[in-house]
**Student:** 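Below are the structure tokens for one structure; questions will follow.
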Amino acid sequence: MMNDVQELVAKSNTLVAQDRMPLFEALVQYVQQDVTPFDVPGHKMGAQMNSLKMVLGEMTMRMDVNSMKELDLLSHPQTVIKQAQELAAEAFGADYSYFLVNGTTVGILAMIIATCKPGDTILVPRNGHKSVMNGLILSGAKPVFIRPEVDHHFGISHGISIANVKKAMYEHPEAKVLFITYPTYFGSMSDLQEICCIAHEQDITVIVDSAHGAHLGFMSDELIDPMSAGADAVTVSMHKTGGSLTQSSMLLLKKDRIAPDKIQKVLNMLQTTSANYLLMSSLDAARREITLYGKQRYSDLKPVVDEAVKAIESGSCYEVLKARYLKEHFNQSYDWTKLVIRVNGIGLTGFEVYTVLKEKYGIQMELAEGYVIMAVITSSDTKESIGKLVFALKDIEKNLGKSTTVISTYVTADQVNELVLSPREAYYAEHESIAIEAAIGRISADSLMIYPPGIPLVIPGELISHDVLQQYRYYCQTLGNVLTEAKEANHITVIKEEA
């Protein structure tokens with residue numbers, strides 16, 4: 001009984017502390033003063049009336065200020081930023097948190113650079129974000145790519161399996177770091193708790209890209225967040241699912257395996273010295289909101305989503321990705337806030353349905369793939385907003401649906417490309433640009449990427465195969481836009497061969 005009372009008191013004290021917003025409150029207090037600015041930024045707290053101020057409003061312009069004593073300094077936090085970061089660490093179950101003003105990209109770069117020296121081996125899922133590949137270039141680490149679980153039915157990739165993790169560790173006992181994407185862009189989640197235990201037994205540090213999982217710790221207990229699962233460092237995009245402004249993220253850290261000072265030092269190398277206070281204060285405000293109200297809001301939203309899933313599938317050829325499907329086929333769990341809808345059964349590609357939803361119904365989906373479209377659900381969604389999507393999907397099938405199912409061999413990659421050079425070696429090698437049709441057998445110095453989700457078809461150092469070319473053709477024909485660094489259309493940058 002006494003333990004129950006003590007736990008209740010501790011929980012109550014935590015909620016009281018989480019009700020505070022030290023950085024946000026300090027910023028609002030500062031801009032409400034009668035200040036005459038002779039510092040930067042040059043708009044001087046919106047002193048002149050212009051189109052920006054007319055649209056954004058006076059308070060927004062006044063809150064766009066420079067670092068100063070009252071508002072602390074992100075690179076060396078001592079007061080209100082430090083307090084806000086400490087509250088975030090407590091909310092997410094971490095020892096430390098670091099505010100990021102260049103999105104999760106800078107957090108991923110920092111985690112890799114802080115844990116890998118040049119030549120160190122890092123185990124990486126091949127369906128990682130492009131920023132992971134850039135982290136390999138900057139750190140000089142040698143990647144060992146782990147094949148993700150490929151779902152040919154939905155035409156997407158899921159997380160990596162425990163068996164493939166064990167295999168990679170056995171074949172590469174020199175590995176120092178394991179990188180995990182959790183959840184994946186499409187919401188699948190490997191057994192991170194078990195993976196962390198296995199890795200730590202081998203003295204391998206676990207770092208996690210949880211860009212799409214900022215909300216996981218504030219839902220029901222059935223989904224475990226990466227900090228609770230035992231990860232050593234995690235980067236979360238608060239702007240994606242946590243409610244902060246675009247480009248604002250957090251890096252969360254457990255201090256046992258990675259020194260906090262090292263993370264701060266690397267971040268100071270990568271982040272701006274003119275950190276945006278609108279972004280940072282939005283992190284402070286969003287943390288309070290999701291900590292105090294997240295569980296109740298997601299609890300209220302779950303039956304609304306369940307009802308929508310039933311309505312989408314009822315009497316239709318649509319199929320929605322579900323937790324039971326992922327568990328049975330891939331032994332992975334599922335984040336139900338990623339509404340992945342298989343649409344190729346109505347005779348249309350995901351790209352076509354995505355376009356119709358936007359142009360005819362004014363609905364902006366998160367992404368499309370060959371077989372699926374995906375909607376990101378957050379606590380800001382309502383029965384009405386989700387209902388619009390359900391209606392539009394039904395209407396599309398009724399008016400545009402066909403009797404055939406769209407099937408393609410190249411919807412998703414089913415192989416890991418051969419890595420001939422490390423990404424860093426490829427980056428610094430001599431390059432040339434050639435037509436991609438003539439690039440089979442050459443070593444890429446470029447990334448071919450579909451965005452979103454930002455997962456490359458080929459990265460620097462990998463051999464360009466016939467399968468890569470076929471996937472490129474498929475995406476060009478269906479999507480019409482493949483991101484590449486080559487200046488000429490249908491060209492790719494490759495390693496220059498010796499004469």
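Since the model is a prediction, treat every value here as computed from it, not as a measurement.
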**Student:** Hydrogens and angles aside, do Arg287 and Gln18 bring a side-chain donor and acceptor to less than 3.5 Å of each other?
**Tutor:**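 There is such a pair between these side chains.
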**Student:** Would you check if the side chain of Asp284 reaches a backbone N or O of Leu23 as a donor-acceptor pair within less than 3.5 Å?
**Tutor:** yes
**Student:** Any chance you could lay out the side chain to side chain contact (heavy atoms under 4.5 Å, CB included) test for Thr382 and Val304, step after step, and finish with the verdict?
**Tutor:** CA-CA 8 Å; Thr382 63; Val304 175; over 6 Å; no
**Student:** Does Lys82 have more than 12 heavy atoms from other residues, nucleotides or ligands lying within 6.0 Å of its NZ?
**Tutor:**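 Atom NZ in Lys82 is not packed in, count stays at 12 or less.
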**Student:** Using every non-hydrogen atom in the two residues, find where Ala231 and Val208 come nearest and quote the distance to one decimal.
**Tutor:**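 Heavy atoms of Ala231 and Val208 come nearest at CB-CG2, 3.6 Å.
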**Student:** So, for Leu245 and His239, which heavy atoms are closest and what is the spacing to 0.1 Å?
**Tutor:** O-CB, 3.0 Å
**Student:** Would you check if Leu123 and Met169 make a side-chain contact, meaning some heavy-atom pair closer than 4.5 Å?
**Tutor:**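 Of all side-chain heavy-atom pairs linking Met169 with Leu123, at least one is under 4.5 Å.
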**Student:** One pair to check against side chain to side chain contact (heavy atoms under 4.5 Å, CB included): Val309 and Leu339. What are the steps and the verdict?
**Tutor:** CA-CA 8 Å; Val309 170; Leu339 192 59; 3.8 Å; yes
**Student:** How about CD on Gln29, more than 12 heavy atoms from neighbouring residues, nucleotides or ligands closer than 6.0 Å, or not?
**Tutor:** no
**Student:** Which heavy atom of Phe179 sits nearest a heavy atom of Pro125, and at what distance?
**Tutor:**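 Looks like O-CD, 2.9 Å.
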**Student:** Rounded to the nearest 0.5 Å, what's the gap from CG on Asp225 to CZ on Phe92? Could you check?
**Tutor:** 8.5 Å
**Student:** Would you say Gln85's side chain and Phe99's backbone share a donor-acceptor pair under 3.5 angstrom?
**Tutor:**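 Such a contact is found between Gln85 side chain and Phe99 backbone.
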**Student:** Working note: Tyr475 + Glu369, criterion side-chain hydrogen bond (donor to acceptor under 3.5 Å, both in side chains); need CA distance, chi angles, decisive distance, verdict.
**Tutor:** CA-CA 9 Å; Tyr475 278 108; Glu369 281 287 347; 2.7 Å; yes
**Student:** Have Thr235 and Thr104 got a donor and an acceptor in their side chains that come within less than 3.5 Å?
**Tutor:**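 Distance-only check fails for Thr235 and Thr104.
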**Student:** Determine yes or no for a side-chain-to-main-chain donor-acceptor pair under 3.5 angstrom, with Asp151 supplying the side chain and Ile156 the backbone.
**Tutor:** no
**Student:** Taking atom CD1 of Ile137 and atom CD1 of Ile459, what is their separation to the nearest 0.5 Å?
**Tutor:**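 Output value for this atom pair is 7.5 Å.
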**Student:** Can a donor-acceptor pair be found, under 3.5 Å and without considering hydrogens, that links the side chain of Gln271 to the backbone of Val106?
**Tutor:** no
**Student:** If you measure only the distance, is there a donor-acceptor pair under 3.5 Å linking the side chains of Glu25 and Tyr30?
**Tutor:** no
**Student:** When you check the gap from the basic side-chain N to the acidic O, do Lys142 and Glu174 get nearer than 4.0 Å?
**Tutor:** no
**Student:** Between Glu149 and Gly159, is there a donor-acceptor pair closer than 3.5 Å when you use the side chain of the first and the backbone of the second?
**Tutor:** no
**Student:** Do Ile263 and Ile258 make a side-chain contact, defined as non-hydrogen atoms from C-beta onward lying under 4.5 Å apart?
**Tutor:**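 Side-chain contact under 4.5 Å: yes.
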**Student:** Under 3.5 Å, which donor-acceptor pairs do the side chains of residues 374-381 form with other protein atoms, sequence neighbours left out?
**Tutor:**
from   : atom 1 : to     : atom 2 : distance (Å)
Thr378 : OG1    : Ser380 : N      : 3.2
Asp381 : OD1    : Ser385 : OG     : 3.2
Asp381 : OD2    : Thr378 : N      : 3.0

**Student:** Quick one: list whatever passes side-chain hydrogen bond (donor to acceptor under 3.5 Å, both in side chains) with Lys44, sequence neighbours left out.
**Tutor:**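 By the side-chain hydrogen bond (donor to acceptor under 3.5 Å, both in side chains) rule, Lys44 matches no residue at all.
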**Student:** By ring-ring contact (aromatic ring centres under 6.0 Å, His included), which residues pair with Phe154, not counting sequence neighbours?
**Tutor:** Tyr325
**Student:** Which atom pair, heavy atoms only, marks the closest approach of Gly213 to Thr241?
**Tutor:** C-OG1, 4.4 Å
**Student:** Go through Met63 and Phe24 one step at a time and tell me if the side chain to side chain contact (heavy atoms under 4.5 Å, CB included) criterion holds.
**Tutor:** CA-CA 10 Å; Met63 290 175 72; Phe24 182 82; 4.1 Å; yes
**Student:** Got a second to check how far Glu90's CD is from Ser97's OG, nearest 0.5 Å?
**Tutor:**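 It comes to 10.5 Å.
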**Student:** Taking atom types as modelled, is there a side-chain donor on Asp64 or His43 under 3.5 Å from an acceptor on the other?
**Tutor:** yes
**Student:** So that I know where these two stand, are Tyr334 and Phe186 an aromatic pair - ring centroids less than 6.0 Å apart?
**Tutor:**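 No, they do not, as the ring centres are separated by 6.0 Å or more.
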**Student:** Answer whether the closest heavy-atom distance between the side chains of Asn417 and Arg126 falls below 4.5 Å.
**Tutor:** yes
**Student:** List for me each residue that meets side chain to side chain contact (heavy atoms under 4.5 Å, CB included) alongside Asp191, sequence neighbours excluded, and say none if there are none.
**Tutor:**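 Here the qualifying residues are Ile162, Gln193, Glu194.
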**Student:** Is there a donor-acceptor pair under 3.5 Å between the side chain of Ser282 and the backbone N or O of Leu279?
**Tutor:** yes
**Student:** Would you indicate whether the side-chain heavy atoms of Lys254 and Met227 approach each other to under 4.5 Å?
**Tutor:** yes
**Student:** Determine whether Ile160 and Ile180 satisfy the following criterion, side chain to side chain contact (heavy atoms under 4.5 Å, CB included), listing intermediate values before the conclusion.
**Tutor:** CA-CA 8 Å; Ile160 53 178; Ile180 298 282; 3.4 Å; yes
**Student:** Taking the side chain as C-beta and beyond, is there a heavy-atom pair between Leu74 and Ser67 under 4.5 Å?
**Tutor:**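 A side-chain contact under 4.5 Å is absent here.
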**Student:** For Asn164 and Ile146, indicate whether the former's side chain and the latter's backbone hold a donor-acceptor pair under 3.5 Å.
**Tutor:** no
**Student:** To the nearest 0.5 Å, tell me how far Ile112 CD1 sits from Asp120 CG.
**Tutor:** 12.0 Å
**Student:** Main chain of Val320, side chain of Lys322: is a donor-acceptor contact present, judged purely on distance under 3.5 Å?
**Tutor:**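 Yes, because the side chain of Lys322 sits within donor-acceptor range (under 3.5 Å) of the backbone of Val320.
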**Student:** Heavy atoms, side chains only, cut-off 4.5 Å: are Asp39 and Met68 in contact?
**Tutor:**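 Yes. Closest side-chain heavy atoms under 4.5 Å.
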**Student:** Taking NZ, NE, NH1 and NH2 as the nitrogens, is one of them in Lys265 or Asp261 under 4.0 Å from a carboxylate oxygen of the other?
**Tutor:** no
**Student:** Is the backbone N or O of Thr184 less than 3.5 Å from a side-chain atom of Thr181, with the two atoms forming a donor-acceptor pair by type?
**Tutor:**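 Not confirmed, Thr181 side chain does not pair with Thr184 backbone.
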**Student:** What residues, two or more places apart in sequence or in another chain, satisfy side chain to side chain contact (heavy atoms under 4.5 Å, CB included) together with Tyr293?
**Tutor:**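 Partners of Tyr293 by the side chain to side chain contact (heavy atoms under 4.5 Å, CB included) criterion, ordered by chain and then number, come out as Arg288, Glu289, Arg297.
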**Student:** Does any non-hydrogen side-chain atom of Leu216 lie less than 4.5 Å from one of Pro226?
**Tutor:** yes
**Student:** Taking Ser281 for the side chain and Tyr277 for the main chain, is one N or O donor matched with an acceptor at less than 3.5 Å?
**Tutor:** yes
**Student:** Could you grab the distance from atom CG of Leu27 to atom CZ of Arg62, nearest 0.5 Å is fine?
**Tutor:**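 Leu27 atom CG to Arg62 atom CZ measures 10.5 Å (nearest 0.5 Å).
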**Student:** Can you tell me how far the CG atom of Asp19 sits from the CG atom of Leu87, to the nearest 0.5 Å?
**Tutor:** 10.5 Å
**Student:** For a quick test of reading the model, state the closest non-hydrogen atom pair linking Ser333 to Leu326 and the distance between them.
**Tutor:**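 Closest approach of Ser333 to Leu326, heavy atoms only: O-CD1, 3.7 Å.
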**Student:** Could you list the residues that satisfy ring-ring contact (aromatic ring centres under 6.0 Å, His included) with Phe330, not counting sequence neighbours?
**Tutor:** His158
**Student:** Less than 4.5 Å apart, any side-chain heavy atom of Gln78 and any of Asp72?
**Tutor:**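 Side-chain contact under 4.5 Å: yes.
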**Student:** Looking only at heavy atoms, which two atoms of Met238 and Ala214 are closest? And how far apart?
**Tutor:**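 Nearest pair, atom of Met238 first, then Ala214: SD-CB, 3.9 Å.
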